[in-house]
Amino acid sequence: MSRERWGSLVWLFLGIVICWGSIRLKLGDFRNPGPGFLPFVTGIILVGLSFIVFFQSGRAGEKAVSKPFLVDRQRAWKAALTLVALLVYTIGMDYLGFLVSTTLFLAFLLWAVEPQRWYIVLFGSLLAAAASFTLFEILLKSPLPKGIFEF
Amino acid sequence: MESFGDILYGFSITLTWGNLFYCFAGVLIGTLVGVLPGLGPVAAMSLLFPATLHIPPVSAIIMLAGIYYGAMYGGSTTSILVNIPGEAASVITCIDGYQMARKGRAGVALGISAIGSFIGGTLAVVALQMIAPPLARIALIFGFPEYFSLMCCGLVVLTFMARGSMAKALMMAVMGIFLGTIGTDLIMGTPRFTFGIQIFMDGLGVVPVIMGLFGISEVILNIEEGVSREVFKAKITHLLPNLRDWANSIFPILRGTVIGFFLGILPGAGPVVSGFTSYATEKKLSKHPEKFGTGMIEAVAGPETANNASIGGAFIPLLTLAIPPTPGMALLLGCLLSYGVQVGPLLLKQHSDIFWGVVASMYIGNAMLLVLNLPLIGLWVKILKVPYALLFPLILLFCVIGAYSLNNNTHEVILMVVFGFIGYLLKKLDYETAPLIMAMVLSPLMENSLRQSLLLSHGSFWIFFTRPISAVLMISAILLLIVPNLRWFRARRWKGVDGELE
């Protein structure tokens, strides 16, 4: 089955979940629509459109020569690594504070995702973290997370 | 005369040191993000939005608008010198702009695109200044049914203009409406799809969602697909076009202004479609269409003018009807609402400082951009040479700081990262994210209009067809949904597209 069809099945599932959730919220009636009314309508339309995309992709599937989902597996791995690092950085920011977590995050990207020379990794990450801290926390007075180190 | 007095009032607001600074900062950042591939104006605007929360709304909008139209100028530099569009609106400039550079005419290509952008941008502001006030007066007669029909029509036009499958674009719009309903229901106070998560109670934040869909996803995609760019090495001289260049460019510039301005008003058309339409028009009108693609100055002047003129047009539905025709305008609408400014026909009366201040700032901003783009071209070329490997960690860092600064909590950042991943998947599967954003922003207004209309009509949907303005808008929307699916139209549409591609 093509990825288009898999995608349409995801939308179908999502549409059904939205409809189910909306019914639980109370739909009301046309005279007095309830909180679930509009979400229910969107769910129904989503279900209908997922069927259209499912059958359209079947019709065009044989003719269309689509590019591969992942261009290069190694680069895809780097993209996944970046995303995971971003998530860990976000969660860790509250505990380690902005300066420490940002330095570690930038150093990781410059070391593991797009490898650079050691001095660029070290000084680049330190400099960028310190400069952004100065700009946002000190100059723009926009509070950044402090964490256990209080900075 | 009334209009002249209003624009003088606008200049009195813009010509203060503070607002001049914000205008300059906006166009400078706009040019920078336009020059750099991988960071678009919408992501940059959402990134800087938290920093604008402490300044007056008029200054904030002047700066954010400056980023938006400034990026149109910067994008052409990358298209001409690197053959990669700095932002989506400059895609078409790659074709002939890069060929001009290869022939040793990079300076003229950059010069004419900056001058065309200036003329198009300025004339579009003149038109905006003249059309918006009367349109706002007409919009005052709109009731809830008219608003609901207008928003439906706007979203359908947007999906109609989307490239690729209309069903997929509609899906995105529907999904956007659903995402907009998440949070506490305003009428009954019931929490909807919040799963007990506190930050969902006030609804999904538009800014983290936009940053995720337009910023994070773009970076992830660039890392996965790889960004290679080779900057044109020859020295850039002779920025000013000669008389022959002027003769070849002046009519494309004027046509580009008209095309860009009117397409800018339409939801979804925006700068990208304006540029393509201008290119197609110039090719059709040219005595030498076979030379297009070999470095024709008309093919640079027209589209670059059109994409700038479209910004002026796009402000009309935003400031008079609260309908954002592009994701950038959707973000501006979201910002205005968060500053507590009621956008719509009453904006001109209740917040005339914002309307006229922004209009006046666009005159000044366009002049600043002309100065920034011609003499400072060497600086932009140097910035272009910064490798993406060093740039993407900084883009991610600024996105994180931007999302965090919204409410000073990491939940917004996590939301942004999640939408970054969703945006990446959507792009991979050829789903356009613009309809999702616009529908999400419009969703609360849409729901309120629908509920109030049904209350007025005692539950009858005929209310949308018995009032003339609403009926015209609804019927247009229905026709736009049906017509593209008719066999003969599909055949003509694809034949036309194939012809253009050839």
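As the structure is a prediction and not an experimental result, all values here were calculated from the model.
- Only the side chain of V113(A) comes within contact range of chain B, with heavy atoms under 4.5 Å apart.
- Most heavy-atom pairs under 4.5 Å with chain A, from the set I401(B), L456(B), L170(B): that is I401(B).
- In this structure, N409(B) places its CG atom where more than 12 heavy-atom neighbours from other residues, nucleotides or ligands lie under 6.0 Å away.
- Contacts between T90(A) and chain B at a heavy-atom distance below 4.5 Å involve backbone atoms as well as side-chain atoms.
- Heavy atoms of T410(B) lying under 4.5 Å from chain A belong to its backbone as well as its side chain.
- The aromatic rings of F465(B) and W462(B) sit perpendicular, their planes meeting at an angle over 60°, well past the 30° parallel limit.
- Per-residue counts of heavy-atom pairs under 4.5 Å with chain A were compared for V417(B), L425(B), L221(B), V418(B); the largest is that of V417(B).
- Using a 30° and 60° split on the angle between ring planes, F461(B) and F30(A) fall in the perpendicular class, above 60°.
- Contact of L106(A) with chain B is made through the side chain alone, with heavy-atom distances under 4.5 Å.
- Of the listed residues (M446(B), M175(B), H411(B)), the greatest number of heavy-atom pairs within a distance under 4.5 Å of chain A belongs to M175(B).
- Crowding of K427(B) atom NZ: a count of heavy atoms from other residues, nucleotides or ligands under 6.0 Å exceeding 12.
- With a 4.5 Å cut-off on non-hydrogen atoms, I182(B) does not touch chain A at all.
- Side-chain atoms of L390(B) and I120(A), non-hydrogen and from C-beta on, do get closer than 4.5 Å to each other.
- The contact between S22(A) and chain B is made by backbone and side chain atoms together, counting heavy-atom distances below 4.5 Å.
- Heavy atoms closer than 4.5 Å to chain B are found nowhere in Q74(A), neither backbone nor side chain.
- The greatest number of non-hydrogen atom pairs below 4.5 Å with chain B, out of N32(A), L109(A), T102(A), is found for L109(A).
- Of the two parts of M171(B), the backbone and the side chain both hold a non-hydrogen atom closer than 4.5 Å to a non-hydrogen atom of chain A.
- In this structure the side chain of M172(B) never reaches within 4.5 angstrom of the side chain of T159(B), judged on heavy atoms.
- With respect to the salt-bridge test (charged N to carboxylate O, under 4.0 angstrom), the residues D185(B) and K26(A) do not qualify.
- Looking at F178(B), both its backbone and its side chain come within 4.5 Å of chain A, counting heavy atoms on both sides.
- R73(A) forms no cation-pi arrangement with W77(A), by the criterion of a distance under 6.0 Å to the ring centre and an angle within 45° of the ring axis.
- Side-chain N/O atoms of S165(B) and Y431(B) include no donor and acceptor closer than 3.5 Å.
- For L426(B), the part sitting under 4.5 Å from any heavy atom of chain A is the side chain, from C-beta outward, and nothing else.
- In this pair, F123(A) and W118(A) present their aromatic rings tilted. The plane angle is within the 30 to 60° band.
- In terms of non-hydrogen atom pairs under 4.5 Å with chain B, the most contact-rich of G43(A), A85(A), G34(A) is G34(A).
- For L450(B), the part lying near chain A is the side chain, with the backbone staying farther off; criterion is any non-hydrogen pair under 4.5 Å.
- Relative orientation of the F398(B) and F136(A) rings is tilted, given thresholds of 30° and 60° on the angle between their planes.
- Here the side chains of L12(A) and F51(A) are in contact, with some heavy-atom distance below 4.5 Å.
- The contact between V400(B) and chain A is made entirely by side chain atoms (from C-beta outward), counting heavy-atom distances below 4.5 Å.
- Heavy atoms of I52(A) lying under 4.5 Å from chain B belong exclusively to its side chain.
- Interface remark: of the candidates R24(A), E4(A), K78(A), R31(A), R31(A) forms the most heavy-atom pairs closer than 4.5 Å to chain B.
- At a 4.5 Å heavy-atom cutoff, the contact between L110(A) and chain B is made by side-chain atoms alone.
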